[in-house]
Number of protein chains: 2
Amino acid sequence: MLYAGFMSADLPPFPKPQEPLDTPQLLEVGSAPDEPCLRADAARNRARLLEAAARLIAEHGAAGVTMEAVAAAAGVGKGTVFRRFGDRTGLLTALLDHSAKKLQADFLGGPPPLGPGAPPVERLRAFGVAVLYRSAEQLDLHLAAQPEPTRRFSHPSYRALHTHVTVLLRQILPGADHELLARPLMAFLDPALVNHLTRQCGMPMERLEKGWLDLVARVTRTEV
Amino acid sequence: MLYAGFMSADLPPFPKPQEPLDTPQLLEVGSAPDEPCLRADAARNRARLLEAAARLIAEHGAAGVTMEAVAAAAGVGKGTVFRRFGDRTGLLTALLDHSAKKLQADFLGGPPPLGPGAPPVERLRAFGVAVLYRSAEQLDLHLAAQPEPTRRFSHPSYRALHTHVTVLLRQILPGADHELLARPLMAFLDPALVNHLTRQCGMPMERLEKGWLDLVARVTRTEV
DNA sequence: AATGTAACTGGACCTCGGTCCGGTTAAGGT
DNA sequence: ACCTTAACCGGACCGAGGTCCAGTTACATT
C-alpha cells in the first residue's frame, strides 16, 4: 500500500525548485535511505544542526530558540540552516521525524490493534489514542513545528495521518464521504487542541482519550 | 443568556495591561456602545485605519498588506495602529467584526432556524451552514486574521461559536461530554480547512454543506 | 595530480511585526 | 481663557525569519 511516508528528505539542490507540497513526495515507508546522497560536509552540518537544535530546545523551550542561535550553536552560518531545512518549520519537523516515522510504521505495518489485522474500528480507536499521547509527549515541539494555517493540511505529515484515517473509514462506512468525515476526527488530534485542552483548560489526558473513543463511536455507528 | 460577545472593544489605555483573553471580556450582545469613550482624534484615526485597511486588502489581497502600509495609507504612524488594535490579528479581526456581530446576533436572537425557536438539532445544522458560507465569503480575511495556533482556541470569536455549539449539544445529548464533542464540529468550520478543501482540493461548497449535515447527523444520533 | 563544476557555505542584508518614548493634543475643571 | 494631565501620536528602533551571492570545497573525471 505504501501511500504514506513523512517528509524528511532534505531539500533539493537549490535554488529552491521545491514545491515539495505539490509533488506528493511519497516515499515508501520502510526502505528509503532518505538522505539522497548528501555531500559529506553537508551531512555533517545537518547532523550538527539537529543536535544543536535538540539541545537548545531542551534548555530553553521550543519557542525560545531562534534560528540564528541554532546556527551559532552548530557552528555554521544561518544560510546553511535554511538551505538544509527550508524554514523553521522544516527544522522542527525534522526533529520530530523519528517519532513520526515510528508512528507511521506502527499503524502501517506493526502489530494489532494499531497495525493491520485488527478490525478497522479498533484500529481507528487505537490510532487516535496513539496520536493523542504522542502529541502530548512532545507538545512544545509539535506546537512550534506547526506550519502556517494555510499549509497545515498540505503538510506531508498531516496528509499521511489523514489518508490513514480515510482508508480506515472507507472500510467501516462504505457509503460515506470518507475524505470529509476524516477531517473532524483528525482535528480532535490536533496538537494545538491538545495543548489548549490540557494546559489551558486543565483536562486530564484520560478525558481526551474518552472523548476520542466516544467520537469514533458516534461517527462510525452504522445502523439506522 | 448573553454568554457571548465578540471581541471588538479597543485596547485599554496602555501600557498594555491587557490580557483580554484571560479576563473573559464578555459584552452583552445587543446593547453595548462598544467604543468606551474614545478620544476624538483616536476615534477618527481608528476609522481611517479600518477604511485604509479594507481598501488596501481589496486591492492587494489580505496577505500582501503590511501594517506599515496600512498606517501610511491612513496617514498615521505605525505605532498608532498597534496602540489601537494590539497586533495584526486585532486589526484584521476588527475588519471582520461587523459580520461576526451579525452572525452572533442571528444565532443568538434571530429568527429560526438559526435563532431560538427551532429544535436544537435544526439550529445546529443551520448554524454550521451559516458559518461555512460566511467563512467562504471572506476567506482571505479569515485566513489572515487567524491568530497563532496557540491562541486560536482562546480567541473570543472562536469561544463564542464554540460555546454556542456546546449549549446546543447539551440540549440534544444530555449525557455527553459537550465541551469536547463540540471541538470536532467547530473544526469542520475552520476557515483554514474550508480554504484547503475548496481551493486546493477543488471541492464545491455543496459538498462541504452535505458533509456538515452528515457529521451533525452522525454525532447527534441518540439511539444506541 | 590536476582540473572542472556542482554543491555547499556564511554572513551581510532585507522585510515586517512589534515596542518604546519624547513630544503633542484633546478634554475637563477653575 | 488658561492650566493640568491623561491619553494619544509618530517614527526611530529592535529582533527574528528568510534571501542572496561571492567565495569555498568536495567529488568525479581524466
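Order of the sequence lines sets the chain letters (A, B, ...), proteins ahead of strands, with each chain counted from 1.
- Residue B/Gly64 is out of contact with every strand shown, counting any heavy-atom pair closer than 4.0 Å.
- Rounding to whole angstrom units, CD of residue B/Glu148 and P of C/dG17 are separated by 15 Å.
- Between B/Arg39 atom CZ and D/dT5 atom P the separation is 15 Å, expressed in whole Å.
- Using a cutoff of 4.0 Å between basic side-chain nitrogens and carboxylate oxygens, A/Arg55 and A/Glu51 are not scored as salt-bridged.
- Applying the 4.0 Å criterion to OP1 and OP2 of C/dT9, one finds that A/Asn45 has a side-chain N or O inside that range.
- In terms of heavy atoms, A/Val70 sits closest to A/Ala53 at CG1-CB, 4.0 Å.
- Atom CZ in B/Arg84 sits about 12 Å away from atom P in D/dA7, given to the nearest Å.
- In this structure, CG of B/Leu38 is placed 10 Å from P of C/dA27, rounded to the nearest angstrom.
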Any N/O pairs under 3.5 Å between the protein and nucleotides 28-30 of chain D? List them or say none.
none

Each nucleotide N or O in nucleotides 11-16 of chain D that has a protein N or O under 3.5 Å away: list the pair and distance.
residue	atom	partner	partner atom	Å
D/dG11	O6	B/Gly79	N	3.4

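- For the residue pair A/Ala145 and A/Thr89, the shortest heavy atom distance occurs at O-CG2, 3.2 Å.
- Scanning all heavy atoms of the two residues, the minimum distance from A/Phe127 to A/Leu161 falls at CZ-CG, 3.7 Å.
- Between B/Arg44 atom CZ and C/dA26 atom P there is a gap of 8 Å when expressed in whole angstrom units.
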Under 3.5 Å, side-chain donor or acceptor atoms of residues 199-207 of chain A against the rest of the protein: list the pairs with distances, not counting sequence neighbours.
residue	atom	partner	partner atom	Å
A/Arg199	NH1	A/Asp140	OD1	2.8
A/Gln200	OE1	B/Ser154	OG	2.7
A/Arg207	NE	B/Asp177	OD2	2.8
A/Arg207	NH2	B/Asp177	OD1	2.9
A/Arg207	NH2	B/Asp177	OD2	3.4

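- Using cut-offs of 30° and 60° for the angle between ring planes, the B/Tyr158 and B/Phe153 rings count as perpendicular.
- With DNA chain C read from its 5' end, the first of the two nearest nucleotides for B/Ala40 and B/Val65 is the one closest to B/Val65.
- Checked for salt-bridge contact, A/Glu148 and A/Arg151 meet the test: a charged N lies under 4.0 Å from a carboxylate O.
- Atom CZ of A/Phe82 and atom C1' of D/dT19 are 9 Å apart (whole Å).
- Atom pair A/Arg83:CZ and C/dG11:P shows a separation of 16 Å (rounding to whole Å applied).
- A salt bridge is defined here as a Lys NZ or Arg NE, NH1 or NH2 lying under 4.0 Å from an Asp or Glu carboxylate O, and A/Asp190 with B/Arg152 meets this definition.
- One atom, CG of A/Asp41, and another, C1' of C/dC8, lie 6 Å apart when rounded to the nearest Å.
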